[in-house]
There are 2 protein chains.
Amino acid sequence: MAVAVDLAILTVRDKQLQVLTVERGTPPFQGACALPGGYVEDEDLSAAAARELQEETGLDADKLHIEQFGAYGAPDRDPRGRVVSIAYLALMPDLPLPSAGGDARSAHWIPVGKLLAEPERLAFDHHQILTDAVERARAKLEDTTLAPAFCPDEFTVAELREVYETVWGHALHPGNFRRKVTGAEDFLIPTGERTIRSGGRAAALYRRGPAERLIPAILRHHSARSGAGRSQLRGPAR
Amino acid sequence: MAVAVDLAILTVRDKQLQVLTVERGTPPFQGACALPGGYVEDEDLSAAAARELQEETGLDADKLHIEQFGAYGAPDRDPRGRVVSIAYLALMPDLPLPSAGGDARSAHWIPVGKLLAEPERLAFDHHQILTDAVERARAKLEDTTLAPAFCPDEFTVAELREVYETVWGHALHPGNFRRKVTGAEDFLIPTGERTIRSGGRAAALYRRGPAERLIPAILRHHSARSGAGRSQLRGPAR
DNA sequence: TAAATAGTGTCTCTCAGACATTATCTT
DNA sequence: AAGATAATGTCTGAGAGACACTATTTA
């Protein structure tokens with residue numbers, strides 16, 4: 001029984017959540033997209049994932065976030081024979097891929113939304129794997145300090161907010177978002193510098209802090225709370 | 001390369017979180033405890049886990065909660081050869097094990113605390129697997145409706161609270177706990193009946209509701225909040 | 001100046017912790 | 001009645017959504 005690793009490498013690019021795919025040059029699923037991956041050799045699973053990451057992107061695994069999130073082993077998931085695949089999720093900023101890796105033949109960034117809407121475009125059970133990877137990423141933004149993994153070393157609050165908005169797929173309130181992320185302990189460390197990334201007031205730059213858990217968490221859904229604020233009608237008499 | 005499944009089957013028993021272990025009768029690790037498990041055959045991974053569960057406990061997998069939580073594949077984790085193991089977490093009420101399963105030779109419930117304190121008692125890397133399983137269970141009680149999986153079909157709020165207290169390892173405030181679990185939508189459904197399980201007023205019985213996510217969540221840690229209540233000194237003048 | 005974005009302040013509702021109190025059951 | 005447990009109520013502070021407002025930069 002063969003054991004492989006598959007990687008869902010995500011980034012935020014052009015205001016879209018995108019995933020790195022390779023085009024399959026040989027059957028089965030010739031011409032389709034697939035998540036990068038390969039067989040596990042005489043090494044630990046995480047080492048296999050790091051090696052594949054290096055081969056596909058030329059990037060060093062300990063420079064970005066990478067974590068295991070599932071194992072897939074349906075008997076017929078690979079028509080060539082029994083393969084159990086351990087799936088890894090990697091998050092990275094929108095860097096130009098070194099593409100030096102000899103294996104970087106045909107790596108492309110593709111918007112996740114497009115891929116999930118067309119289940120046929122992904123080989124094997126990679127549609128399911130990608131679905132699970134995206135859900136994992138969305139959930140982890142809520143209560144961990146993972147979001148800066150999508151940003152360069154130094155970033156603004158607005159850039160961080162764009163990460164959340166892109167991954168979750170809906171807009172967040174700028175003022176409240178700032179209050180929360182700057183209030184969470186050890187999440188963001190101000191560098192003291194400012195920058196102008198777009199027309200408007202210069203924004204402060206931050207670096208990610210040492211915290212791993214986000215306390216308090218930032219919830220995706222408005223959790224069916226009736227909402228506060230001024231929605232109640234409290235006009236002057238009636 | 002062999003692929004196996006290992007099961008961390010947890011229950012709450014005698015006010016302790018306990019795990020089902022089997023005693024190893026043959027080398028390696030002869031005489032040590034191990035998590036039940038076995039090789040994956042011509043079946044899906046979840047089917048292999050369900051089969052092992054059936055063999056070890058005589059219980060049906062679709063009657064209790066079971067979920068995959070990790071894959072372990074260090075090259076030297078099994079001295080007999082390369083084995084990658086997919087780990088599953090199962091939660092069940094404190095039932096008498098049918099033990100009809102022919103394989104139930106030497107299954108024992110052992111308190112998790114005791115096992116985690118003595119890393120040598122568990123074979124292979126099962127100490128690590130159990131550690132991860134327990135952490136997963138603790139985390140899932142926070143924001144999912146999983147806790148009733150540890151209870152019989154009908155249960156009282158106090159029994160549910162005992163589950164939380166046992167898994168998390170600390171006491172919870174009875175009044176506040178009740179307010180939260182009965183307030184969470186679709187979490188608990190009152191059966192209308194009452195029962196007396198201990199000296200005192202009869203308690204209402206509940207059944208688990210259809211919700212999967214617990215909203216709002218119940219947090220383990222007091223999240224370093226300064227705490228509210230009457231701790232402020234507000235005595236009458238001074 | 002206007003336009004645009006960064007950042008702060010405030011109001012109100014909800015939630016959680018810390019009690020206090022009432023209700024119901026057994027002995 | 002006493003003791004025990006179940007269930008409810010209240011006060012307070014923290015956090016979140018909504019929104020108004022101020023600050024700083026470019027065009």
Side-chain angles (χ1 to χ4, degrees), chain A residues 142-143 155-162 164-165 168 170-185 187-188 190-206 214-235, chain B residues 142-143 155-162 164-165 170-185 187-188 190-206 214-236:
Chain A
E142 290 194 280
D143 62 350
F155 52 90
T156 67
V157 170
E159 286 164 351
L160 186 66
R161 177 165 48 85
E162 190 186 303
Y164 275 90
E165 292 180 333
W168 286 348
H170 63 255
L172 297 173
H173 189 291
N176 294 338
F177 181 83
R178 168 180 308 278
R179 174 167 29 108
K180 289 204 274 195
V181 296
T182 57
E185 206 161 353
F187 183 29
L188 302 182
T191 66
E193 294 175 43
R194 321 189 125 254
T195 189
I196 300 95
R197 301 255 219 262
S198 50
R201 175 176 171 178
L205 281 171
Y206 294 85
L214 233 193
I215 301 174
I218 304 178
L219 298 177
R220 272 182 273 192
H221 313 111
H222 295 192
S223 66
R225 304 181 191 177
S226 64
R230 216 140 308 179
S231 42
Q232 296 281 357
L233 7 154
R234 292 180 61 259
Chain B
E142 290 195 280
D143 62 351
F155 52 89
T156 67
V157 171
E159 287 164 351
L160 186 66
R161 176 164 49 84
E162 190 186 304
Y164 276 89
E165 292 180 333
H170 64 255
L172 297 173
H173 188 291
N176 294 338
F177 181 82
R178 166 181 309 277
R179 178 172 17 116
K180 289 203 273 194
V181 296
T182 56
E185 206 161 352
F187 183 29
L188 301 183
T191 66
E193 293 174 43
R194 321 188 124 255
T195 189
I196 302 96
R197 300 255 219 264
S198 50
R201 174 176 174 178
L205 280 172
Y206 294 85
L214 232 193
I215 301 174
I218 304 178
L219 298 177
R220 273 183 274 193
H221 312 111
H222 295 190
S223 66
R225 304 183 190 174
S226 63
R230 217 141 306 177
S231 43
Q232 298 278 355
L233 5 155
R234 292 181 61 259

For this session: To the nearest Å, give me how far apart NE2 (His221(A)) and C1' (dG17(D)) are.
Result: 16 Å
Seminar exercise, completed: By nearest-nucleotide position on DNA chain D, the 5'-leaning member of His173(A) and His173(B) is His173(B)
Exercise. Could you give the CZ-to-C1' distance, from Phe177(B) to dC15(C), as a whole number of Å?
Worked result: 16 Å
Exercise. Can you check whether Leu172(A)'s main-chain N or O pairs, donor with acceptor, with Glu165(A)'s side chain at less than 3.5 Å?
Worked result: yes
Exercise. Who are the salt bridge (charged side-chain N to carboxylate O under 4.0 Å, His left out) partners of Arg178(B), not counting sequence neighbours?
Worked result: none
Exercise. Would you say the side-chain atoms of Thr156(B) pair up with the backbone N or O of Ala203(B), donor to acceptor, closer than 3.5 Å?
Worked result: no
Problem set entry | Nucleotide nearest Asn176(B) (side chain, heavy atoms from C-beta), chosen from dA6(C), dT25(D), dG17(C) | dG17(C)
For this session: Apply side chain to side chain contact (heavy atoms under 4.5 Å, CB included) to Glu193(A) and Tyr206(A), showing your working.
Result: CA-CA 8 Å; Glu193(A) 294 175 43; Tyr206(A) 294 85; over 6 Å; no
Seminar exercise, completed: Atom CG of Leu205(B) and atom C1' of dA6(D) are separated, to the nearest Å, by 13 Å
For this session: Indicate, yes or no, whether a donor-acceptor pair under 3.5 Å links the base of dA6(C) to the side chain of Arg178(A).
Result: no
For this session: Can you figure out which of dA6(C), dC15(C), dG15(D) approaches the side chain of Pro216(A) most closely?
Result: dG15(D)
Exercise. Over how many whole Å does the gap from Lys180(B) atom NZ to dA18(C) atom C1' extend?
Worked result: 12 Å
Problem set entry | Between P of dG17(D) and OH of Tyr164(A), the distance in whole Å | 13 Å
What are the atom names and distances for every N/O pair under 3.5 Å that joins the protein to nucleotides 3-5 of chain D?
| from | atom 1 | to | atom 2 | distance (Å) |
| --- | --- | --- | --- | --- |
| dT5(D) | O4' | Gly199(B) | O | 3.2 |
| dT5(D) | O2 | Arg201(B) | N | 3.4 |

For this session: Using a heavy-atom cut-off of under 4.0 Å over every strand shown, decide if Ala184(A) touches base, sugar-phosphate, or nothing.
Result: nothing
For this session: Calculate the interatomic distance between Arg194(A) atom CZ and dT25(D) atom P; express it in whole Å.
Result: 7 Å
Problem set entry | 5′-ward residue of the pair Ala202(A)/Gly175(A) relative to DNA chain D | Gly175(A)
For this session: Could you grab the distance from atom CZ of Arg201(B) to atom CZ of Arg194(B), nearest 0.5 Å is fine?
Result: 6.0 Å
Problem set entry | Value in whole Å for how far the C1' atom of dA6(D) lies from CD of Glu162(B) | 15 Å
Exercise. Side chain of Ala203(B): nearest nucleotide among dA16(C), dG17(D), dA7(D)?
Worked result: dA7(D)
For this session: Would you please indicate if the ring centroids of Phe177(A) and Tyr164(A) are separated by under 6.0 Å?
Result: yes
Exercise. Tell me: CZ of Arg161(A) to C1' of dA6(C), nearest whole Å?
Worked result: 10 Å
For this session: Indicate yes or no for a side-chain donor-acceptor contact from Glu185(B) to the backbone of Ile215(B) under 3.5 Å, with no hydrogens or angles considered.
Result: no
Exercise. Any donor-acceptor pair under 3.5 Å joining the side chain of Arg179(A) to the base of dG17(D)?
Worked result: yes
